[in-house]
Protein chains: 10
Amino acid sequence: MLPDLPKFTQTQITTSLIHAKKEKNLSFEDLGKAIGRDEVAVAAIFYGQHHATEEDVKGLAKVLGLNSELLAYQLSEYPERGSGVEMPPKEPLIYRLYEVVQNYGQAYKAVLNEKFGDGIMSAIAFSTKVDKEVDEQGNTWVNISMRGKW
Amino acid sequence: MLPDLPKFTQTQITTSLIHAKKEKNLSFEDLGKAIGRDEVAVAAIFYGQHHATEEDVKGLAKVLGLNSELLAYQLSEYPERGSGVEMPPKEPLIYRLYEVVQNYGQAYKAVLNEKFGDGIMSAIAFSTKVDKEVDEQGNTWVNISMRGKW
Amino acid sequence: MLPDLPKFTQTQITTSLIHAKKEKNLSFEDLGKAIGRDEVAVAAIFYGQHHATEEDVKGLAKVLGLNSELLAYQLSEYPERGSGVEMPPKEPLIYRLYEVVQNYGQAYKAVLNEKFGDGIMSAIAFSTKVDKEVDEQGNTWVNISMRGKW
Amino acid sequence: MLPDLPKFTQTQITTSLIHAKKEKNLSFEDLGKAIGRDEVAVAAIFYGQHHATEEDVKGLAKVLGLNSELLAYQLSEYPERGSGVEMPPKEPLIYRLYEVVQNYGQAYKAVLNEKFGDGIMSAIAFSTKVDKEVDEQGNTWVNISMRGKW
Amino acid sequence: MLPDLPKFTQTQITTSLIHAKKEKNLSFEDLGKAIGRDEVAVAAIFYGQHHATEEDVKGLAKVLGLNSELLAYQLSEYPERGSGVEMPPKEPLIYRLYEVVQNYGQAYKAVLNEKFGDGIMSAIAFSTKVDKEVDEQGNTWVNISMRGKW
Amino acid sequence: MLPDLPKFTQTQITTSLIHAKKEKNLSFEDLGKAIGRDEVAVAAIFYGQHHATEEDVKGLAKVLGLNSELLAYQLSEYPERGSGVEMPPKEPLIYRLYEVVQNYGQAYKAVLNEKFGDGIMSAIAFSTKVDKEVDEQGNTWVNISMRGKW
Amino acid sequence: MLPDLPKFTQTQITTSLIHAKKEKNLSFEDLGKAIGRDEVAVAAIFYGQHHATEEDVKGLAKVLGLNSELLAYQLSEYPERGSGVEMPPKEPLIYRLYEVVQNYGQAYKAVLNEKFGDGIMSAIAFSTKVDKEVDEQGNTWVNISMRGKW
Amino acid sequence: MLPDLPKFTQTQITTSLIHAKKEKNLSFEDLGKAIGRDEVAVAAIFYGQHHATEEDVKGLAKVLGLNSELLAYQLSEYPERGSGVEMPPKEPLIYRLYEVVQNYGQAYKAVLNEKFGDGIMSAIAFSTKVDKEVDEQGNTWVNISMRGKW
Amino acid sequence: MLPDLPKFTQTQITTSLIHAKKEKNLSFEDLGKAIGRDEVAVAAIFYGQHHATEEDVKGLAKVLGLNSELLAYQLSEYPERGSGVEMPPKEPLIYRLYEVVQNYGQAYKAVLNEKFGDGIMSAIAFSTKVDKEVDEQGNTWVNISMRGKW
Amino acid sequence: MLPDLPKFTQTQITTSLIHAKKEKNLSFEDLGKAIGRDEVAVAAIFYGQHHATEEDVKGLAKVLGLNSELLAYQLSEYPERGSGVEMPPKEPLIYRLYEVVQNYGQAYKAVLNEKFGDGIMSAIAFSTKVDKEVDEQGNTWVNISMRGKW
């Protein structure tokens, strides 16, 4: 057993994970491939917004060169989801996603109710991916896909 | 030219569009196919959150059996985007999308900055689709995809 | 088919349902038994917070002596859940439930994560009941039970 | 008498209680059984949301292997209830309970007034339990029951 | 039975009660004496913040010269308490009471916990009175007394 | 003169006063009697919400066994009233007082204007007391009386 | 006695007073002189923020050519002070006054406490005036003076 | 040149200025006379809400016995005006000024527009004074005068 | 003189101005040229955010074919500036300007203080223009220039 | 490679940059010229609101006499834009810009939609400049120009 450990704040845990990632010069995509996860899920684990399974902990410890037991201790609590973003978001990039909900919220509801009947999409039994696309004119596009249980 | 027309509120315009759609027994998907648009965009036009081009107006008037000139008048203003959803959303289905932004906002930013560098995804030069998926266990999943210019 | 119908506000629908219920001198419990639903679900349908199935509409129309087609029209939209209560609630009775969440929220999370692992309880795939209990000293107690899918 | 003691923050007290619980490998249910309390009440004591009686303190000190006098000192203040959850809750699990109040608040009030007359349910003379249920299809359900004095 | 009655808003009910009171040239104190209630309770009934019993309705109808059956209909719903005052109050007189809570809240809690142990004072099983006092220097003082169940 | 003193935060001052009070095993009532003040006023001085006169400081220093000069220094600033309670209050006991203002605010205003004419009750030229009452059924009641200059 | 009168909203009363003032081509200063009040007090009566005495009503009715009895009825309620300005003010002119409080609030408190001891300035036993000044460079200055009981 | 200096927080600067002022037993009025400023301006400099000119710094350093170069360093930044008061103010004395804006805002605007035409009063090219008045009945009154450029 | 005129809401005035502009098929730029104003100022007059001089009224009435006396009546009040945009803005186009303030606010302050010393830029003695630019790659750029008195 | 570095807060980074700038006695304009940037962009980099390219880092390190590698480390994260200004801004200078958006928001939208059609101006692909102008009467004016991609 590890000796008596202090309580780490989420900021401390996030900082040390990002530091290790920089040291190893790895992208979230690299980490995702190494542990069999989408890169967004890996980033969410870094920020304490996604539960890390024992497998995730072992995989991350290995690829990042961290003490596996310590990492398990740091990531052992169930995530305090939603704690990282002040709403409405001030950060423009995150605000754009917020704006999508504000602009298209009613349209999504109308289409989803029509297609799926009464109910909701889960934001917990949920996964998401990000892809980069360059069109013929050389413009870059972001493709975000979300998949949630109904 | 049409005679002197009253100002319609967005609620009145939305209500009459939805009424016509019910009368014709058409889904947003049907309308989308008829006018060459994603169904979410059609719903967003209904709620005054998406600009309707002249083509959209003609197509909708035809398929919904509405007076094309009146519809053009009603949809002629540039959309007051964002006006339809009170934030944070009280409606659970829309709230789940809000929750995605709250939970994954930092992770999206970290991954997007890593993949695309500094910048943001546009929420205006933007399109979105909704698909239904049934997995092998018979569970229903919602797939939402978003595509925004970087 | 019914002739061209105006849009009813939720307040109008709620008022006419409550009026009919008073006329018939029926309690929510009576209505619940008549249509095979918990009484809280019936009240939630009255306030537009719960989806009414075709069965619910037929049953309510019959027991309340209302036009079934009109009622179906009035209850045909998917509920705008959450629209009825301003948060934080000003009404003391509803505030007490809010206070339970405020006081016991962390404790519920700690116990639920411990018992069920990572995840959440659905507030949509969800039912709830209210029971009255009188203890030996003659004190009255409210028992609220909630059942939500994990 | 204990020597001059520093003031402990609630976070410090909570952290040391949770640490002791982990060390002993005990669940809230175990602790509840050991001191004759519902497990939610035990968790609420951990988070400073529930008054700990002298009995509770002795019981907890014993089963957790803590100094009883120190624990009595730490838990001696009357709880600052409600201090632990920022409202509206960002944490999805706690938000779902909040959502229940938002969606069903009016319905609860209507049914409670009908069944109990004018008055309110206490959130202080109040107890609550959590049970786990697995239905025939293998789905897991959370059962929360609340009992409050009218 | 009364014929089919419209739904009255609280403002309409309050206005007609105040109008009748002015016509009869009665103070709240007069009304309170006539029906055996504190004057604050009478005013609270006028504003829909206090439940009117059948006795209250009969007494008020008699002394105000109103149709008893209509008044019973108007006052038949359980009060939507708390709906009349926007918080923080803008009205200076009401703000001063708010300020008392803001300034003395901690002190009340400290003294009440010390005197009564853990628990709270009910704001529902509650009565309150207002008295006027003129001291020897000719200054006027307001005495408000509150009595709530612990 | 005292040597160069650090600035004490209100929390530090409150903590050391409460600590001294515990050491001496005195209630607020005892302190109030010792210095000729209502117990609520004493508690308000503890929390920095009431101005302490030189007399108060001397009396408190004596009965609590504290250095009178240091205490005078700590209590020498004019109180930052209102700083101790976040509004709306999360603490249920304090919330109940807030709820009284929300429910009865209009009624108090109506009765006070009727009895006293135009004007307001001071919340500064103001005193308040708390009494305990046990009725014949053994129920405990809180009596709060407030007296403010008109 | 006047026949049964409808309830006038504050906006209706303000509009008809301002209309009469325009018809007579009178400034607030003219009105103030005619009824022996500061012009700001007259404007405050127009907006329902200041109590109008019987004298005020008679004077205003006379100079504005209005029915005195009707005006008395319209101005008979005790003012709902504070109801006219949404805070923080959006109107730049009013915002500047708000900004003065925000910038100089602490300084006023420090100076007032130093000069007057503990206490507050009344905002009700209060009068205020506005004067225009042109300095030697031809610049225009606003002088606002406030006088409140300590 | 002064050696490498740490960044001082506004609280630290305010505290040391007030401490020096106490040591010297000087009032804001004394300081104002010494440096040729209104006392409110001096207090505003203490709280970092007013720009201190080089002259102000020299004068204050001299009269307070402080190192002039250090004080210049501490007061060298342009003021972060408005940072000291949380709005709405909780402190009753400051709240009363806020209440004046809330109650009289519309009246000030109406009178100012009438007297000065379209425009606003500056809150920056602005000075303010506080005077004490004792009337014949021995009542104390606060006179606040504000002078702002139009 | 015009006969007794009703009070027009800002929305009614704006709607009729925009309607007249559409009928005449004129752009804001056309109107600006016709009356010698920047086009943004014309639009601001339409929305009641900018004072219209007598000249403006005559010019607008002439070019829009409106009754000059009626228009003078409608535009005669001093503008309630700031009333048209709910903050934070939900409309994406307006939000981008808000975002500029949020992102660059500190930088503007630092540069302005450095260049101009202590003071502020007026938002009232202020004019603004909008220009369109197409760069060599065919990209369209918006140029907004603001000029405010220091 | 640099040894293991602590995480710097934005405040620490800003403070050390401003300190170095003071030491070198350079204005933002000087820095802008030295590294080929507008002075507002330089200030925005100081406050962490603008991405610093490798070139920017090298240029700033050189002209400010800072360690280039350390500065690169400090400025290596993608900016958390929007984090520096609390909205609505309390600081009067920044508030004036906010007020421009509040007052002219609708007018900008109307003119921009008319000139550019549907769309928005980017606040990210965006640059801005500040110029000083002295008119013939000796008044100082601020000219702010913004250029954003449509």
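Contact record, A:A123 with B:R96: CB-O, 3.6 Å, taken as the closest heavy-atom pair. Scanning both residues, A:W141 and B:A125, for their nearest heavy atoms gives CZ3-O, 3.6 Å. The two residues A:A43 and B:V111 make their nearest non-hydrogen contact at CB-CG2, 3.9 Å. Considering every non-hydrogen atom in both B:K132 and A:F116, the closest pair reads CG-CE2, 3.3 Å.
B:Q106 touches chain A through backbone and side chain together, each having a heavy atom under 4.5 Å away. Heavy-atom distances place the side chain of A:E114, and not its backbone, under 4.5 Å from chain B. The part of A:N139 that comes within reach of chain B is its side chain, from C-beta onward, which places non-hydrogen atoms under 4.5 angstrom from that chain. Both the backbone and the side chain of B:E29 come within contact range of chain A, each with at least one heavy atom under 4.5 Å from a heavy atom of that chain. If you measure heavy-atom distances from A:I18 to chain B, you find no contacts under 4.5 Å at all.
Within a 6.0 Å radius of NZ in B:K58, no more than 12 heavy atoms belonging to other residues, nucleotides or ligands are found.
Most heavy-atom pairs under 4.5 Å with chain A, from the set B:F46, B:W150, B:Y108: that is B:Y108. Heavy-atom pairs under 4.5 Å with chain A peak, among B:K129, B:M87, B:E99, at B:M87. Heavy-atom pairs under 4.5 Å with chain A were tallied for B:L97, B:V142, B:T128, B:L93; the largest tally goes to B:V142. The residue among B:I144, B:D131, B:V85, B:V101 with the most heavy atom pairs within less than 4.5 Å of chain A is B:I144.
Remark: side-chain polar atoms of A:K109 are not paired, donor with acceptor, to backbone N or O of B:E91 under 3.5 angstrom.
Note that CD of B:E39 and CG of A:L112 are 8.5 Å apart. Values are rounded to the nearest 0.5 Å.
Ring pair A:F126/B:Y104 is tilted by interplanar angle, where 30° to 60° counts as tilted.
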